[in-house]
Amino acid sequence: MSPINVAFSTLAFPQSSLAAAAAFGRDSGYEGIELRLIDGELIDAAMSAGARADVRRTLAKAGLPVVAVDSSIRLTGDDPGPALRTFLELASDWESPLVRVFGGALPDDGDARIAAMKTAAGVLEAALPAAERLGVRIGVETHDSFSASATVGELLALVKHDRIGAVWDSHHPHRMGETPAQVYQNLDGRVLLAQVKDALRAPDRADGWQLVLLGEGEVPVREMLATLMGHAYLGSVSVEWEKRWHPEIEAAELALPQHLSLLRTWLDESSEVA
């Protein structure tokens, strides 16, 4: 049996309270929760102390540990440092080991790109004292201009610290033509969270892809899990069912149990091989 915990993102519940989302996930057999939406809304870094306490009580009642607190912070954006420090405090308050951030936009021009990468690294370095004090890590997701793990790897090479790592989203590196083995190598083993989703090419859609139930698309999630298990990964795997951004996909009540069942099968298979 696999030692890896399977969590789910609250992106799957854009019209539910945090309490209802957590209860459904727990009752379905999930072992952790990734916080992106709270009561259907993106997390507000400026929430009051009372609102923070309400979230903490809700999570304690559900009995689900938080695997990550997901921000919308972009490291190449305008002064992301204060928001990042606030999210580190939120994560600590909610006993989460991780804050997810995005890299943001990178210019195509060589010198401007180098400067933007150094800016992103500087934001991470400036946040390290707070991250160490609070016992929270920062994970840069394979997303936006950093969709390729090779790009995230460039950034991680500039900030070599165990508090800084990557959130491996299964879909985006695949879009960029990278295999799971290449992703793991590019990230230098610094994977702090594995997010899984499946998709099919859809030329008629603006982004060129349609999210589908696990195993019905072309994203190599099974190979991703085998790669992680082969390197003794002990972090969480989180189902990122993006109902918030894609209202046309199946309801969480159908998708989350389907994902969990198949993930458990694949993880057990990979555990036996490893």
Side-chain angles (χ1 to χ4, degrees), residues 34 36 42-43 45 68-91 96-134 136-195 197 207-209 224 227-228 231 233 235 238 240:
E34 181 181 358
R36 180 59 164 142
L42 296 175
I43 299 171
V69 175
D70 292 349
S71 74
S72 299
I73 293 166
R74 285 165 168 79
L75 299 176
T76 59
D78 183 23
D79 193 21
L84 179 51
R85 288 190 291 274
T86 299
F87 264 88
L88 288 169
E89 292 168 359
L90 285 174
S96 169
L98 179 67
V99 168
R100 188 284 308 276
V101 300
F102 297 130
L106 283 176
D108 293 330
D109 176 75
D111 289 341
R113 185 183 185 280
I114 291 171
M117 191 71 79
K118 289 181 177 178
T119 295
V123 174
L124 294 173
E125 289 172 343
L128 277 173
E132 289 190 292
R133 174 174 56 84
L134 295 167
V136 179
R137 289 183 167 85
I138 302 168
V140 183
E141 184 173 332
T142 51
H143 191 271
D144 48 53
S145 291
F146 291 74
S147 290
S149 64
T151 307
V152 176
E154 286 182 60
L155 178 58
L156 295 184
L158 297 176
V159 193
K160 293 187 176 181
H161 194 285
D162 62 4
R163 289 283 167 197
I164 308 298
V167 174
W168 178 359
D169 176 299
S170 63
H171 185 205
H172 297 304
H174 175 69
R175 289 194 305 105
M176 304 303 291
E178 296 178 332
T179 67
Q182 290 170 331
V183 173
Y184 193 87
Q185 181 177 15
N186 288 338
L187 299 178
D188 194 27
R190 295 166 64 181
V191 180
L192 301 180
L193 179 67
Q195 293 177 337
K197 62 170 71 75
D207 63 358
W209 294 85
M224 173 192 188
T227 299
L228 289 168
H231 289 88
Y233 174 73
S238 184
E240 192 179 39

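Scope of the values below: all heavy atoms of this structure, side chains included, with no hydrogens, waters or symmetry mates.
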Practice item. Find the distance between OG (S238) and CG (L98) and round it off to the nearest 0.5 Å. Key: 10.5 Å
Exercise for review: Please check if the side chain of E132 supplies one atom and the backbone of R163 the other of a donor-acceptor pair under 3.5 Å.
Suggested key: no
Check your understanding: Mind checking what makes ring pair (Phe, Tyr, Trp, His ring centres under 6.0 Å) contact with H231, not counting sequence neighbours?
Key -> Y184
Exercise for review: Taking the side chain as every heavy atom from C-beta outward, state whether R190 and I164 have any pair of such atoms under 4.5 Å apart.
Suggested key: yes
Review point. With distance as the sole test, does R100 use its side chain to make a donor-acceptor pair with the main-chain N or O of S71 at under 3.5 Å?
Key: yes
Check your understanding: Is D108 atom CG crowded by more than 12 heavy atoms from other residues, nucleotides or ligands, each under 6.0 Å away?
Key -> no
Practice item. List the steps and the verdict of side chain to side chain contact (heavy atoms under 4.5 Å, CB included) for V140 and L124. Key: CA-CA 10 Å; V140 183; L124 294 173; 4.2 Å; yes
Check your understanding: What's the shortest heavy-atom distance between Q182 and G177, and which atoms?
Key -> OE1-O, 3.9 Å
**Study point:** Donor-acceptor pair, side chain of T142 and main chain of D169, under 3.5 angstrom
**Key:** yes
Exercise for review: Please examine the side chains of V191 and V183, heavy atoms only from C-beta on, and report whether any two atoms are closer than 4.5 Å.
Suggested key: no
**Study point:** Intermediate values then yes/no, side chain to side chain contact (heavy atoms under 4.5 Å, CB included), I138 and F87
**Key:** CA-CA 10 Å; I138 302 168; F87 264 88; over 6 Å; no
Review point. Under 4.5 Å between any side-chain heavy atoms of I73 and V123, yes or no?
Key: no
Exercise for review: Calculate, to the nearest 0.5 Å, the distance between atoms CE and OG1 belonging to M224 and T179 respectively.
Suggested key: 12.0 Å
Review point. Can you say whether the rings of H171 and W209 are parallel (under 30°), tilted (30 to 60°) or perpendicular (over 60°)?
Key: perpendicular
Point to revise | Side-chain donor/acceptor of T119 to backbone N/O of L75, under 3.5 Å | key: no
Review point. Taking side chain as C-beta onward, heavy atoms only, is E154 less than 4.5 Å from R113?
Key: yes
Check your understanding: With a 4.5 Å limit on heavy-atom distance, are the side chains of F146 and M117 in contact?
Key -> yes
Revision key, fill the gap. When rounded to the nearest 0.5 Å, the distance separating CG of D144 from CG of L106 is 8.0 Å
Point to revise | Side chain to side chain, L193 and E34, heavy atoms closer than 4.5 Å | key: yes
Practice item. Could you tell me the separation between the CG atom of L156 and the CG atom of L187, rounded to the nearest 0.5 Å? Key: 6.5 Å
Review point. To the nearest 0.5 Å, how far apart are CD in E178 and CD in Q185?
Key: 10.5 Å
Check your understanding: Is there side-chain contact between P173 and W168, with heavy atoms separated by less than 4.5 Å?
Key -> yes
Exercise for review: Determine whether Q195 and E141 make a side-chain contact, defined as any pair of heavy atoms from C-beta on separated by less than 4.5 Å.
Suggested key: yes
Revision key, fill the gap. Distance col, row T76:OG1 vs L155:CG, nearest 0.5 angstrom, shows 10.0 Å
Exercise for review: Looking only at non-hydrogen atoms, find the nearest pair between V152 and A166 and report the distance.
Suggested key: CG1-CB, 4.1 Å
Review point. Going through the checks in order, is the side chain to side chain donor-acceptor pair (under 3.5 Å) test met by S96 and R137?
Key: CA-CA 9 Å; S96 169; R137 289 183 167 85; over 6 Å; no
